[in-house]
Amino acid sequence: MTALADRITPTRFRRDEPVFGGAAGDRPGVWIVRSGHVELGVATPRGGVVIGLRRPGDVEGDIPLLLGIPTPYSARALADTVCLYLSPTAFEELLGRHPALARRWLSSVAQRLATSHGRLISLLGRPLVAQLAGLLVDESEDGTVELPQRTLAAMLGVARPSLNKVLKELERRGLVALGYASIRLLDEDGLRGVADG
C-alpha cells in the first residue's frame, strides 16, 4: 500500500467533466475512484450507451493497460469526483517490483470480469421489468440508487419512456419509491424475485 501511495496522484473532476476518452483524450492509466461516481460510456450511431458505473473504491483502466490496447470507452464524472491516478509507467513498475501486489491485482481483475460476465448473462432474453429489477438491486447503495433515469435507460439500452413505465409499475407494486434522480428500494427481496422470475 505504501508503494501504491507513493505513485498515485489525486485528481479532481467537476460534475459532467470528462475523466478519460472522448473530450478528455485517451489519458491511459489506472483510475481509482476515491469519492463521487464515474460513468463509463460508448458512442454509437444512435447515441451514447452507458456500459458501467464506478463508485468509491472501484478501479478502471488497468485491464486495457494489461492487454496493451486503447481504452474502448470514455468516462465522465456524474458528480464532483476525486480519482487517484496511476500512470502506465508507474503501474508497470508497481506490478514488476511487488509480486504480492501483482497477485492481488490479478484477483481483483478476475473478480471484476466475473461480475461483468454474470451481469451480461443475467440480462440476456429477460423482460425489461426483470432486467430493471436486477439492475436496481445491483446498483443500490444503502437501499438507494442515485442515478437519473436517462442513465438507467442507457445502461439497459431502452428509451426513457419505456423505463419510466416499468419504474411506475414497480412503484405501484410497492417495491420502489421514485424521487428526483434517485430510486429508494422498499422491498429488495421483492425486486430480487422480479429479477429471478
Answer yes or no: are there more than 12 heavy-atom neighbours, outside [X] itself, under 6.0 Å from its atom [atom1]?
| X | atom1 | value |
| --- | --- | --- |
| E92 | CD | no |
| R12 | CZ | no |
| D142 | CG | no |

Could I get the full list of ring pair (Phe, Tyr, Trp, His ring centres under 6.0 Å) partners for Y73, not counting sequence neighbours?
-> none
Heavy-atom pair of closest approach, residues A75 and L40 = CB-CD2, 3.7 Å
Please name all residues satisfying side chain to side chain donor-acceptor pair (under 3.5 Å) with S108, sequence neighbours left out, ordered by chain then number.
-> R112
For Q149, the side chain to side chain donor-acceptor pair (under 3.5 Å) test, sequence neighbours excluded, returns N164
Check ion pair K165-E169 (N to O, under 4.0 angstrom) = no
Listed partners of [X] passing side chain to side chain contact (heavy atoms under 4.5 Å, CB included), at least two apart:
| X | answer |
| --- | --- |
| E188 | V137, S140, L185, R192 |
| S87 | Y85, T89, A90 |
| L178 | L167, K168, E171, V176, I183 |

Does [Y] offer a backbone N or O that forms a donor-acceptor pair with the side chain of [X] under 3.5 Å?
| X | Y | value |
| --- | --- | --- |
| R14 | A77 | no |
| D58 | R55 | yes |
| Q131 | R126 | yes |

Without hydrogens or angle criteria, can the side chains of E93 and H98 be said to hold a donor-acceptor pair below 3.5 Å?
-> no
